[in-house]
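To start, the structure under review is shown below, and the notes come after it.
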Amino acid sequence: MRPTVVRVDLAAVRHNVRTLAATAGTEVCAVVKADAYGHGAVEVGRAALEAGASWLGVALVEEGATLRRAGIDAPILLLSEPPVAGIGALLDARLTPVVYQPPFLAALDAAAADRGETVSVHVKADTGMGRVGVPPRAWTDLLRQAAGARSLVVDGLMTHLACADEPERDVTGDQLAGFERFLAAARGLGLEPRWIHAANTAGTLLHPAARHDLVRPGIGVYGLSPAPAVDAAEHGLLPALSLVSQVSFAKRVEAGTAVSYGHRWAAPTDGWVATVPVGYADGVPRRLTGHGEVLLGGARRPIAGTVTMDQLLVWCGDLEPAVGDEVVLLGRQGDEQLRVEDWARHLGTITYELTSQLTSRLPRTYVGGQPPAAG
Ligand SMILES: *Cc1c(COP(=O)(O)O)cnc(C)c1O
């Protein structure tokens, strides 16, 4: 019933996966953690696989299990170790874990042996991100432990870049040099795994030396920019997500009439105010108060006053809006477009935070769902 929806264009997702694969010249692991950054992990995951991705990446065992329950059979990389208590569920869901701590590795090996299974793992080196990963002084010990594990196969070696979206900085070069030393240490122990990978979206687009034989884009799959310096549109990527609603109430007000909580805004002239049933409980940031715009009647119009939990108001000036008129908060209407990047700039944050905060109260609808006919 709700007229406010997140609309996800799966044709854009497929286009973006193909574009990233062509740019990198490698296989793709499409990162669909956090419900595909708010876009819907099952639908986006299927579309990414249709477009040729060979892996999906998730942050949590639960996220991987959701993909399996939906019937997705492709390899799924679990990007961080869960607590040891999560190993059973990880094995049940046939996830490929990224490993970096000796106790986790030992527990995983024992659990796999108990089941009579052999489990592929990817070993993660910390080369400067400083979040999770084996620190350099422990590289050899952990690689030796992994190589010697009875029921584990080291099928991948990886790292993660901290500053790939800031091309002017030296950090990425230093990290990639560190990664080469990690790879050499592994080769020294006789490990020659199939998958070597380091690149997130910014690494994929800007750092050829990070590409190796698999890239791990997340934000680029959604057609969004990792940072202002790396514009997704300039790299041929298409935004997949729109946030669309409808006018639920319209009224004419006199100049000086204040609206919404706190009376922080008043009509500059006589004119029309529209009410739109979407608010901060849907993930439209309350901090857009005083900055935000929507598209209504084919033009940009300012949000009038405070964004409330379930509704916001729009100043339409001379345009008389009608109940049911389409209101675009993100996406296109006519020749105009509002981008997640616009919100990020106003709010001093990044695109990732904004789409992943669109709440489950917003129904997701999918368009462009049919893969192009074979041949
Ligand atoms: C989230 C994540 C990615 C994807 O990063 P983007 O910047 O969204 O492309 C890749 N690798 C790891 C380890 C991640 O945590």
Side-chain angles (χ1 to χ4, degrees), residues 13 16-17 19-21 23-24 26-39 41 44-45 48 53-61 63-64 67 75-82 95-101 121-134 156-167 169 171-172 175-176 179 182 195-207 210-232 235-237 239-241 340-341 344 349-357:
V13 168
N16 294 335
V17 168
T19 301
L20 291 158
T23 301
T26 67
E27 305 272 329
V28 171
C29 172
V31 176
V32 296
K33 62 192 179 189
D35 202 23
Y37 297 31
H39 294 63
V44 167
S54 31
W55 289 81
L56 299 178
V58 297
L60 304 179
V61 173
E63 293 173 342
L67 297 174
I76 299 176
L77 191 64
L78 179 62
L79 295 166
S80 296
E81 290 176 0
L95 309 182
T96 302
V98 168
V99 298
Y100 38 78
Q101 295 185 91
V121 300
H122 292 207
V123 179
K124 180 170 187 176
D126 184 10
T127 57
M129 174 69 184
R131 187 171 60 175
V132 294
V134 195
L157 298 171
M158 65 176 289
T159 193
H160 192 52
L161 302 173
C163 305
D165 58 358
E166 296 178 72
R169 295 180 64 174
V171 179
T172 302
Q175 282 199 259
L176 293 174
F179 192 43
F182 176 66
W195 302 101
I196 309 291
H197 47 110
N200 55 6
T201 297
T204 302
L205 296 174
L206 301 183
H207 300 282
R211 292 171 186 158
H212 292 279
D213 42 38
L214 181 71
V215 294
R216 303 189 308 266
I219 201 75
V221 169
Y222 311 104
L224 301 175
S225 308
V230 193
D231 192 282
H235 291 276
L237 302 172
L241 181 143
V340 181
E341 286 83 349
T349 184
I350 56 175
T351 56
Y352 303 67
E353 185 182 32
L354 295 169
T355 61
S356 62
Q357 284 184 0

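Just follow the structure's listing: the first ligand is 1, and inside any ligand the first atom is 1.
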Point to revise | Stepwise side-chain contact (heavy atoms from CB on, under 4.5 Å) check, Thr23 with His235 | key: CA-CA 9 Å; Thr23 301; His235 291 276; 5.9 Å; no

I need the atoms of ligand 1 closer than 4.0 Å to a non-hydrogen atom of [X], numbered in the order shown.
X: Thr201; value: 6 (P), 9 (O)
X: Tyr37; value: 1 (C), 4 (C), 5 (O), 6 (P), 8 (O)
X: Asn200; value: 5 (O), 6 (P), 7 (O), 9 (O)

Point to revise | Passing candidate, side-chain hydrogen bond (donor to acceptor under 3.5 Å, both in side chains) with His197, options Glu27, Arg211, Arg216, Lys124 | key: Arg216

List the closest protein heavy-atom neighbour of [atom]: residue, atom name, distance to the nearest 0.1 Å.
atom: atom 13 (C) of ligand 1; answer: His160 ND1, 3.6 Å
atom: atom 10 (C) of ligand 1; answer: Arg216 O, 3.3 Å
atom: atom 14 (C) of ligand 1; answer: Lys33 NZ, 3.0 Å
atom: atom 7 (O) of ligand 1; answer: Tyr352 OH, 2.6 Å

Check your understanding: Just how far is it from atom CG of Leu176 to atom CG of Leu161, taken to the nearest 0.5 Å?
Key -> 5.5 Å

Check your understanding: Under 3.5 Å, side chain of Asp126 to main-chain N/O of Gly128, donor-acceptor pair present?
Key -> yes

Exercise for review: Please determine which of Val44, Val221, Val13 meets the side-chain contact (heavy atoms from CB on, under 4.5 Å) test together with Val32.
Suggested key: Val44

**Study point:** Min N/O separation Ile219 to ligand 1 under 3.5 Å
**Key:** yes

Review point. Should Gly220 be counted as touching ligand 1, given the test is an N or O pair under 3.5 Å?
Key: no

Point to revise | Contact with ligand 1 for Pro217, non-hydrogen, under 4.0 angstrom | key: yes

Point to revise | Arg131 to ligand 1, any heavy atom closer than 4.0 Å | key: yes

Practice item. List the steps, then state whether side-chain contact (heavy atoms from CB on, under 4.5 Å) holds for Leu77 with His122. Key: CA-CA 8 Å; Leu77 191 64; His122 292 207; 3.6 Å; yes

Point to revise | Student check: side-chain heavy atoms of Glu341 and Thr351 closer than 4.5 Å | key: yes

Review point. Does some side-chain heavy atom of Trp55 sit less than 4.5 Å from a side-chain heavy atom of Leu214?
Key: yes

